[in-house]
Enquirer: 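My questions all concern the structure below.
In this chain, numbering begins with 1 at the start of the sequence shown. In each ligand, atom 1 is the first atom listed, and ligand 1 is the first ligand listed.
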Amino acid sequence: TTWTVSVGAVDLERGRGVLLSFEDVTAVEEAGAMRRDFVANVSHELRTPITALQGFIETLRGAARDDAKARERFLSIMDREVVRMAQLVSDLLSLSRVEQNERRRPTDPVELCGLVEQVVALLQPTAERDGVALRVSRPEGPIVVPGDEEQIRQVLSNLIGNAIKYGGAQRPVDITLAAPAQEAMLRAEGVRLCVADHGDGIELHHIPRLTERFYRIDSHRSRAVGGTGLGLAIVKHIVNRHRGRLRIESAPGQGSRFTVILPTR
Ligand code: ADP
């Protein structure tokens, strides 16, 4: 714990005295340290592609100048790096937007069945490329929760996207939307959105850290699949903002299951 102690003299109508004030600034110090870490991480994440781009530009001007094949290859790598940087900037913006509004709970009515279908349709081509079947199980009727549609879309898209990226080729992903049938239970338990893959699973000690910004189990793999390391941090903040809960269950060799529970009122 870090304390700031200030000493002052008081003279309340002749009765003299000394005022000692103690302030616990641990949280402030920790926030400062976290911000410095964050800035260092962002700088590092951006410097890597920038350095790569600089190298390729130099090569294109020099050695690869008259080699059409090499030029094409380098340009496509450069393209990938630029896409990665753009994704990083867009994730950073999302993160900062959610953090800014975290205290204000969003209350627009959001219909989840249609939203799940939309996100699944959007990710279908990516899944198909890896031979991943997206299997949806949901009730018939509409399920409405108070929230921010764009943000819940992002939660779904990040979780399903991760299941495709890390679940492994040819292994299906199960997306389940469940709402207890009885009104009283629905109110007590909320709606469950569950994304389960049949990949290699995650070792227990990583699980509590997955929602930290830039935490990756295998950064080579994350970069290779186009990850920024911010996806689950964004998910966590959005779920918090909706006063919901995020549960992560996984074990090596058993796949992973990410469950978001959203209150219905
Ligand atoms: P990234 O952009 O790297 O995917 P995320 O914040 O979405 O960042 O996820 C953080 C890390 O958690 C990933 O790098 C990966 O190591 C791990 N992870 C996320 N989802 C899964 C999953 N479904 N199966 C196994 N590992 C996962």
Enquirer: Non-hydrogen atoms closer than 4.0 Å to ligand 1: which protein residues do they belong to? List them by chain and number, please.
Expert: N162, K165, Y166, D197, I202, L210, Y215, R216, I217, S222, G227, T228, G229, L230, G231, L232, S256, F258
Enquirer: When you look at CZ of R192, are more than 12 heavy atoms from neighbouring residues, nucleotides or ligands closer to it than 6.0 Å?
Expert: no
Enquirer: Once side-chain contact (heavy atoms from CB on, under 4.5 Å) is applied, do any residues pair with D108, and if so which ones, sequence neighbours excluded?
Expert: none
Enquirer: More than 12 foreign heavy atoms under 6.0 Å from CZ of R243: is that the case here?
Expert: yes
Enquirer: Sequence neighbours left out, what passes side-chain hydrogen bond (donor to acceptor under 3.5 Å, both in side chains) with Q124? Give chain and number order.
Expert: none
Enquirer: Quick check: does any side chain N or O of E111 sit under 3.5 Å from a backbone N or O of G114, one acting as donor and the other as acceptor?
Expert: yes
Enquirer: So, using side-chain contact (heavy atoms from CB on, under 4.5 Å) as the criterion, who are the partners of S137 when residues are at least two apart?
Expert: T176
